[in-house]
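Data block below; observations after.
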Amino acid sequence: MSAPTTNKKLLDWVAEITAMCTPDQVVWCDGSKEEYDRLMGEMVASGMAIKLNEEKRPNSYAFNSDPSDVARVENRTYIASVKEEDAGPTNNWIDPVELKATMSELYKGCMKGRTMYVIPFSMGPIGSPIAKNAIEISDSPYVVVNMHIMARVSTEVLRLIEKNDDFIPCLHSVGAPLEPGQEDSRWPCAPIEKKYIAHFPEENLIWSYGSGYGGNALLGKKCLALRIASNMARHEGWMAEHMLILRFTSPEGKKYHIAAAFPSACGKTNLAMLQSTVPGWKVETIGDDIAWMKPGPDGRLYAINPEAGFFGVAPGTSEASNPMALASCARDAIFTNVVVTPDLDVWWEDMGVECEGGTDWKNNPWKPGMKDKDGNKIKGAHPNSRFTARAELCPVICPDWEDPAGVPIDIFVFGGKRTSVMPLVHEAFSFEQGIYMGATASSEPTAAALDVGAKLRFDPFAMTPFIGYHAGDYMQHWFDMGETLGDKAPRCFYVNWFRKTDDGKWLWPGFGENSRVLKWMCDRVEGKVGARETPIGLMPIDGELTLDGLDIPASDWAELMKVDAEAFKATLADAKDYLAKFGAKLPAKMKEQMAALEKRLEA
Ligand code: GTP
Ligand code: SPV
Ligand code: MN
């Protein structure tokens with residue numbers, strides 16, 4: 001196939017990778033429906049994909065990954081900056097020369113027996129000033145079809161590269177060469193010790209080896225749009241954040257734009273599409289995972305969603321919890337690691353419908369209630385099973401979601417999953433205290449990464465696994481952005497939807513009911529409601545966060561609104577320990593905020 005570009009830089013790079021990886025053939029992708037259908041057809045024929053029931057789930061497919069390759073691998077993810085200190089204490093680091101040598105050895109001949117796809121894509125609307133052009137080279141057809149949905153794959157991108165000679169190179173291989181005659185596995189990948197998700201920030205270069213799953217392999221997402229972009233953003237005066245973006249419109253038609261940072265599998269997709277239970281208020285989705293934000297001509301902060309689809313957590317997604325996500329994957333969708341039912345539809349735990357059984361994510365016959373030999377229930381879908389859905393199919397997608405100018409952010413929300421201590425909502429006294437809240441956010445572990453341990457972890461701005469440089473410099477960048485924005489900076493809040501009673505029940509109904517909390521935030525912005533001062537921040541005055549129609553016992557509400565000074569003193573001590581490893585890079589303003597909080601907790 002002749003190359004559809006004359007750009008020397010691109011041709012040289014593709015030639016270099018071809019020589020290193022020695023694929024059987026090279027295919028330049030164009031992002032067309034024909035290409036999508038052809039690859040899906042090939043994957044159905046090879047047994048990698050299952051075509052779902054055309055009547056129930058038009059144009060949709062299911063995949064099962066290898067049981068070892070089911071989520072991001074943070075222990076195998078590297079920021080290979082030239083200087084170790086530039087990667088900082090939250091990232092794994094290997095000298096870039098050494099890492100390239102190691103990985104080049106692995107890449108040598110790694111695409112033998114496979115096709116190498118060259119995927120031109122844009123993060124952000126093609127050609128818009130904030131968008132980034134990139135090329136992913138991958139030997140996984142599964143990656144190609146997912147990129148079709150998650151990014152803007154198009155030959156238009158090649159034309160732009162032709163003009164401006166600028167693209168971000170992203171190299172990916174599943175790391176499973178095929179000998180002549182060797183039968184391929186359903187989900188080729190390499191063992192964990194050979195997996196590397198590598199970033200070379202000085203070169204804006206991404207090299208990923210050995211995994212075919214999610215953020216490890218769809219390189220536009222976490223690798224480019226967060227790790228590489230966060231590093232570019234810091235030098236260029238903007239922000240790349242792990243945030244959903246939504247528009248919340250009042251009955252009077254006033255629009256508020258909210259960006260919220262919660263760690264992986266802590267509720268971004270759900271909040272981004274929530275069905276408001278506050279009469280007259282409605283949510284429209286702009287993005288569910290990543291926000292790129294830049295000060296606009298009026299001095300406010302404008303956000304775009306660089307992605308084109310949702311790579312959403314399947315389990316727990318139901319008509320009751322997130323009907324808009326279900327509608328988004330009603331057709332044209334890809335499902336990974338869910339149950340496939342005998343009538344060729346999909347199912348997962350807490351989908352809210354009965355399932356008689358089917359084939360589980362490990363490709364075994366499965367029935368609900370089945371137990372393993374130790375008596376533990378066998379899940380049909382993996383906890384990190386995902387749907388890949390086109391954003392434009394979301395019934396509440398905001399009409400302005402692709403506006404290259406973005407939307408002006410009024411409110412930042414930080415949070416995490418805490419079953420104890422952290423109240424339902426509190427507001428920062430100032431933007432700088434808001435930064436402190438974001439920087440010391442903590443969360444209990446989820447299934448979105450394989451290897452984060454079982455304990456509560458600090459997860460600044462939900463960005464721990466995604467900051468492409470030193471986390472101390474990253475915090476300083478937040479303070480610098482605060483200075484730039486001045487009194488136009490968004491108001492900052494901290495929420496926790498995940499408080500539990502001692503016997504393990506949710507204290508707060510969550511999901512659509514979270515709109516009550518968003519409404520309170522907007523009322524605060526408008527100065528319509530007051531607030532109660534507590535040592536940690538400003539909290540709702542009883543009766544001003546509407547609970548009409550909810551059946552929440554007064555004792556539960558008191559628990560949700562409680563500020564336990566002793567518990568917060570303990571958290572502060574933990575935060576101090578955690579931040580100590582930032583050394584001289586810990587911003588002075590963080591220390592000021594810590595001292596002020598300590599004083600308020602003592603008073
Ligand atoms: P990533 O895609 O990994 O970044 O995750 P995310 O932050 O988008 O998380 P998502 O919205 O997919 O939610 C993850 C899990 O949290 C799902 O199982 C949801 O059902 C559950 N969840 C989301 N919102 C709420 C809530 O308000 N209350 C409770 N109890 N659970 C929630
Ligand atoms: C996350 O883990 O935050 C995700 C899923 O959004 S992945 O694309 O695998 O990173
Ligand atoms: Mn995410």
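Asn337 and Ser65 share a donor-acceptor pair across their side chains, judged by distance under 3.5 Å alone.
For Lys108, the NZ atom sits in a loose shell: 12 or fewer heavy atoms of surrounding residues, nucleotides or ligands are nearer than 6.0 Å. Around the NZ atom of Lys83, the shell of radius 6.0 Å holds no more than 12 heavy atoms that belong to other residues, nucleotides or ligands. By the neighbour-count criterion of 12 heavy atoms within 6.0 Å, atom NZ of Lys194 is sparsely surrounded, having that number or fewer from other residues, nucleotides or ligands. Other residues, nucleotides and ligands contribute at most 12 non-hydrogen atoms within 6.0 Å of the NZ atom of Lys362. Other residues, nucleotides and ligands contribute more than 12 heavy atoms inside 6.0 Å of the CD atom of Glu236.
A distance of 8.0 Å separates SG in Cys394 from CG in Asn322, rounded to the nearest 0.5 Å. Distance check, rounded to the nearest 0.5 Å: OG1 of Thr5 to CZ of Arg159 gives 10.5 Å. Going from atom CD of Glu307 over to atom CH2 of Trp292 covers 9.5 Å, rounded to the nearest 0.5 Å. Summarising the geometry, atom CD belonging to Glu402 is positioned 9.5 Å from atom CD1 belonging to Ile126; distances are rounded to the nearest 0.5 Å. A distance of 10.0 Å separates CE of Met150 from CD1 of Ile334, quoted to the nearest 0.5 Å. Here the straight-line distance linking atom CG of Asn231 with atom CG of Leu226 works out to 12.5 Å at 0.5 Å rounding.
A cation-pi arrangement is not found for Arg227 relative to Phe466, the charged atom failing to lie both closer than 6.0 Å to the ring centre and inside a 45° cone about the ring normal.
When the options Met111, Glu105, Met103 are evaluated for a side chain to side chain contact (heavy atoms under 4.5 Å, CB included) with Tyr107, the one that passes is Met103. For the pairing with Phe200, the ring-ring contact (aromatic ring centres under 6.0 Å, His included) check across Trp207, Trp93, Tyr78 returns one residue only, Trp207. Partner of Tyr142 under the ring-ring contact (aromatic ring centres under 6.0 Å, His included) criterion, out of Tyr61, Phe63, Tyr36: Phe63 alone. Of the options Asp289, Asp459, Thr464, a side chain to side chain donor-acceptor pair (under 3.5 Å) to His242 is made by Asp289 and by none of the others. Applying ring-ring contact (aromatic ring centres under 6.0 Å, His included) to Tyr474 and the options Phe479, Phe461, Phe582 leaves one that passes, Phe461.
With Lys222 contributing its side chain and Asn216 its backbone, the two residues share no donor-acceptor pair below 3.5 Å.
Remark: Glu16 engages Trp13 in a side chain to side chain contact (heavy atoms under 4.5 Å, CB included) (not counting sequence neighbours).
A salt bridge links Asp184 with Arg114; the closest basic N to acidic carboxylate O contact falls under 4.0 Å. The residues Asp360 and Lys379 are annotated as not salt-bridged, no charged nitrogen and carboxylate oxygen being separated by less than 4.0 angstrom.
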Can you list the steps and then say if Asn75 with Asn92 is a side-chain hydrogen bond (donor to acceptor under 3.5 Å, both in side chains)? CA-CA 7 Å; Asn75 291 346; Asn92 300 309; 5.1 Å; no
